[in-house]
Each structure stands twice: as C-alpha cells, then as structure tokens.
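Notes follow once the structure below has been shown.
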Amino acid sequence: MLRIEDTDLERSTSAAIQQILDGLEWAELIHDEGPFYQTKRFDRYREVIEEMLATGNAYRCYCSKEELERMRADQSARGEKPRYDGRWRERTDAVPGVAPVVRFKNPLTGEVVVDDVVHGPVVFQNSELDDLIIARSDGTPTYNFCVVVDDMDMQITHVIRGDDHLNNTPRQLNMLLALGATPPVYAHLPMILGADGAKLSKRHGAVSVLDYRDQGFLPEALLNYLVRLGWSHGDQEIFTMEEMVKLFDIRDVNKSASAFNPEKLAWLNQQHMVRAPAARVAPVLRWHLEREGVQASDEAQLEQIVIAQRERAKTVREMALNSVFFFRAPTAFDEKAVRKHVTSEVPALLAEAASVLARLESWNAPAIHEAISAVAAAKGIALGKLAQPIRLAVCGGTISPPIDATLAILGKTEALSRLTRAHSLWNA
RNA sequence: GCUCCCUUCGUCUAGAGGCCUAGGACACGGCCCUCUCAAGGCUGUAACACGGGUUCGAAUCCCGUAGGGAGCGCCA
C-alpha cells in the first residue's frame with residue numbers, strides 16, 4: 001500500500017511526489033493499493049479530532065508560539081528536557097482572537113511499551129511524553145496524528161521505518177490506544193549513515209533513488225546492497241529479487257546503524273550485470289548510450305556489447321561510456337599509446353592484418369582471432385604486438401574488450417575502414 | 001541538558017557460553033592467468049570499544065564507563 005504523507009503543503013510539491021513515484025517504479029517496488037494522499041483525507045482527520053475533543057482525549061491550547069518558545073528556553077536553562085507543560089490541559093476558556101491548536105492528552109503516569117520486532121521491548125515513561133499538537137491553529141492535522149488515523153483506518157499490520165522514529169512511537173501508540181484501535185506491529189530499522197559515518201545527506205552524492213539510475217546502477221543491485229545492510233543470509237552476498245523476497249525476514253535484522261559503502265555497491269552492480277541475461281542489461285545500456293548522444297537500434301549488437309563489456313565496467317553508465325567507440329569512429333588517438341605501440345613496422349603489420357581479415361568469409365570472434373594470431377605467428381611476434389596497434393586503430397585508445405570480440409561487434413566493413421584509415425595515417 | 005537506541009577487521013557482516021587459533025564479502029597488498037583494461041583463481045594485512053562481574057569456560061549473559069546515533073517543532 002502506498003501512502004503519500006504530504007501534510008506539509010510547503011514541502012510536498014507535485015515534483016517531489018512524482019520523484020517518489022518514479023523512484024519506486026524504477027526500483028520495481030510496485031504497490032497493490034493506493035497511492036493514498038493524506039491531503040485528501042483532511043475531512044476524516046477533522047472528524048477524529050472532533051471526536052477526541054468530545055471524549056476528552058484532546059484539548060485546545062491557546063499558547064502563542066512566543067509563549068512556547070519562552071517555555072522551552074526556560075526549561076533548557078534549567079537543564080530540563082524542553083516540552084509542553086500541559087498548561088491548557090484542564091482549561092476550557094478561550095482566548096478571544098486567538099486560533100488554538102489541538103493537543104493530544106497523553107497519559108500522565110504509567111509506561112508505554114513498544115514491542116519492537118528488531119529492538120525488542122522498549123519502555124517509555126508517560127511522564128517523559130508531552131501533549132503533542134495534532135491540529136495546527138489553521139486547522140490542518142499534523143503528521144504524527146495523521147499516521148495514527150491512517151494506520152487505524154487502513155488496518156496497517158506492520159509499521160517498518162527508520163529507527164529515528166522510535167521516539168515517536170510511544171505517542172502514536174498512546175493515540176491508537178485512546179482511539180480504541182489495535183496497534184500494528186512495529187519494526188524500527190537501523191539508519192544508514194554516509195561513508196564518513198555522518199548522517200546520509202545530499203553531499204554524499206545521491207539525492208533521490210533516480211540518481212542511482214542515472215549513475216548506471218541496476219535496481220536489483222541497489223536493492224541487493226540495501227538488503228544486506230543490517231541483514232544477512234549466511235555468507236551469501238548476491239541475491240536476485242526473488243531470493244530477497246523469499247529469504248528476507250524482518251526478524252533477522254540487526255540493530256546497529258551502517259555506513260554506506262559506494263565501492264561495495266559498485267561491485268554488486270557489476271556482479272548483477274555479469275549474471276543478468278544480456279537482454280536484461282541491453283535496454284539499460286541503450287538508455288545510457290542515448291544520454292551520450294548515441295542512437296543504438298540493433299538489439300543483437302547491444303547484447304553483444306553487454307557481454308563483451310560487463311566485466312570491465314562497474315555501472316551501465318561506465319559501460320556506455322566505454323562503448324561509444326563502437327558507434328563513433330575515433331576522431332583522435334591516444335598520443336602516449338601511439339608513441340608506445342605504433343612502431344615503424346606497424347603500418348606494414350596493419351596492412352597485412354587488414355588484407356587477411358578482408359578475406360575472411362565469416363566475420364566472428366573465433367575466425368578473427370585465428371586470423372590475427374596467424375599474422376602474428378607468421379611475423380614471429382607476440383600477439384600483443386599486433387593486437388594493441390589494431391585496438392588503437394579501431395578504438396582510439398588501449399582499452400577495449402578482447403580484440404577479436406571488438407572487431408566482431410564492429411562489423412567487417414567498419415573494422416576494415418578504421419584499420420585502413422589508421423594505416424594511412426601512421427604510414428605517413 | 002534530558003529521554004531512547006546502538007557498539008565484532010577501514011566498511012558490510014557471521015557468531016544464540018565451549019565448534020573462535022574469531023569465518024565470509026567490499027576495499028587494499030602479493031602471486032597466477034593474460035592481446036589492453038578488466039574479470040577470475042590463490043594468498044596476505046586487518047576486528048570482539050574499555051573496565052568489572054557471573055561461569056570450569058564469555059565476542060556471546062549482567063553491571064558500569066567511554067564513544068556514536070536519534071528524538072525533544074503549529075517538519076515529516
């Protein structure tokens with residue numbers, strides 16, 4: 001069930017909400033019900049507030065913001081926890097001209113126990129809890145109240161969230177109890193910190209899940225990385241989506257926070273790229289190539305590229321960047337590499353290789369490999385002495401998949417044309 | 001400050017009182033493989049925060065201490 005908690009009208013812009021929807025869709029986290037927007041349920045919240053006012057579970061408070069600020073400042077000065085002191089709890093008089101807020105009347109004594117699935121029972125003294133605002137002076141309900149009404153109305157069975165919410169839970173529990181609802185099961189997951197141990201924030205890189213898409217991560221890899229934070233299944237590191245669903249159990253989750261490790265995410269992403277069928281990665285590669293201004297329409301060729309490149313790229317974006325040369329002939333050659341590999345005998349070697357390759361009837365990697373090896377053997381040189389100049393000629397640099405696979409993907413016509421061009425360039 | 005939570009290699013984790021000479025993974029180093037870059041194989045460095053208990057025996061249970069985190073909003 002997807003619920004959009006958008007009661008903060010300032011922050012919940014339609015762009016922000018769309019980003020959530022798009023992010024979930026990309027991650028293949030598909031909801032069965034909803035989305036339900038809290039902003040569309042204000043009538044219901046108002047109804048419950050009236051009910052609580054009538055039953056004495058809530059009351060109006062006419063304190064001004066300044067008065068509350070003073071109260072908190074005084075308490076802090078005395079070394080106390082800043083909180084509302086309940087001064088309007090038993091008052092029924094109104095302050096003319098002042099729009100009141102509505103506060104929940106939290107029990108004064110006793111304790112609340114949050115029986116948390118990951119933390120075990122956590123005990124809070126009611127005396128530590130103050131009367132939180134459930135309706136602002138403009139009448140709009142607040143988050144901590146809306147979730148309580150929603151959890152009740154929508155018959156939510158499990159509330160699983162970050163443990164920064166653990167401290168909110170006793171108040172929500174008290175409200176649920178006051179409303180006569182059956183509380184859901186709570187599970188508070190450990191937080192994820194940045195690689196530096198500080199709270200994860202914008203300066204750690206990604207702002208939304210879609211940033212991971214843009215950086216070239218596969219959703220299953222991201223989810224795999226995330227699921228292993230605070231959870232494990234023996235020594236297994238790599239999980240398919242199906243395995244995650246099957247093996248994950250909230251009861252096995254650890255309590256301590258973890259630091260986000262981009263290197264491990266990258267490693268996992270590569271593992272997923274290597275294990276996934278090429279047909280799974282090809283469309284993603286196409287998407288990233290398009291972002292680089294390359295139109296790739298041949299699906300079979302894309303799959304060949306995926307197979308040739310997936311072991312030498314951590315992300316699909318990196319794979320795309322490494323593969324642009326398949327679609328655009330090099331406009332310049334790596335100068336250092338040219339100095340190193342293009343010796344005086346190279347033009348003749350290239351000419352010989354080109355003519356042998358030109359005579360090949362079937363253009364595939366094994367045949368190409370055989371042809372090039374034969375040329376090298378005939379000339380009495382190591383394969384590398386020939387492969388590197390060819391590589392340089394067709395990709396402009398010294399990094400590519402094995403030379404036979406590279407030429408095979410390039411196609412006979414394009415490969416020979418690039419060889420010929422480099423030959424005439426270096427022959428001069 | 002108060003309340004709550006947490007604490008095993010740099011990082012993610014295994015570990016339910018003897019299987020621990022603390023295992024796996026990422027990263028890092030070495031070796032192998034090799035037409036480049038990788039990937040892969042083998043291998044190495046590296047941790048039970050500290051102090052007290054309980055016990056024949058503690059990474060594991062208890063109590064302190066220290067450190068870290070969260071909350072304390074007319075934010076969510």
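By convention in this document, chain letters (A, B, ...) are assigned in the order of the sequence lines, proteins followed by strands, and residues within each chain are numbered from 1. The figures here come from the full heavy-atom set of this structure, side chains too, leaving out hydrogens, waters and symmetry mates.
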For [N] and [M], measure between their [atom1] atoms and round to the nearest Å.
N     : M     : atom1 : answer
B:A25 : B:C62 : C1'   : 33 Å
B:U7  : B:U43 : C1'   : 31 Å
B:A14 : B:G23 : C1'   : 6 Å
B:G68 : B:G24 : C1'   : 26 Å
B:A46 : B:C63 : C1'   : 31 Å
B:A76 : B:A66 : C1'   : 33 Å

Across all strands, who's sitting opposite [N] as a Watson-Crick or G-U wobble pair, both distances under 3.5 Å?
N     : value
B:C37 : none
B:C20 : none
B:A70 : B:U3
B:C61 : B:G53
B:C9  : none
B:G44 : B:C28

Do the ring planes of A:Phe333 and A:Trp426 sit parallel (below 30°), tilted (30 to 60°) or perpendicular (above 60°)? perpendicular
Evaluate the ring planes of A:Trp231 and A:Phe239, with Trp represented by its six-membered ring, and classify them as parallel (under 30°), tilted (30 to 60°) or perpendicular (over 60°). tilted
Qualifying residue, where the test is side-chain hydrogen bond (donor to acceptor under 3.5 Å, both in side chains) with A:Arg171 and the options are A:Asn126, A:Asn106, A:Asp130: A:Asp130
Toward the 5' end of RNA chain B, which comes first, A:Ala195 or A:Asp252, by nearest nucleotide? A:Ala195
Distance test, side-chain N/O of [X] to OP1/OP2 of [N], below 4.0 Å:
X        : N     : value
A:Gln271 : B:G40 : yes
A:Ser400 : B:C37 : no
A:Arg72  : B:C74 : yes
A:Arg83  : B:C2  : no

Checking all strands, does [X] fall into the base, sugar-phosphate, or nothing category for heavy-atom contacts under 4.0 angstrom?
X        : result
A:Asn322 : nothing
A:Glu237 : base
A:Pro401 : base
A:Gln309 : nothing

Between B:C4 (P) and A:Glu111 (CD): distance, integer Å: 11 Å
Whole-Å distance separating the CD1 atom of A:Ile390 from the C1' atom of B:C37: 17 Å
Quick test of your reading of the model: are A:Glu237 and A:Lys264 salt-bridged, counting only N-O distances below 4.0 Å? yes
Distance flag, aromatic centroids of A:Tyr225 and A:Phe217, threshold under 6.0 Å: no
Is the ring centre of A:His233 under 5.5 Å from the base ring centre of B:A14, and are the two planes under 30° apart, so that they stack? no
What nucleotide, of B:G71, B:A25, B:A14, holds the atom closest to the side chain of A:Lys264? B:A25
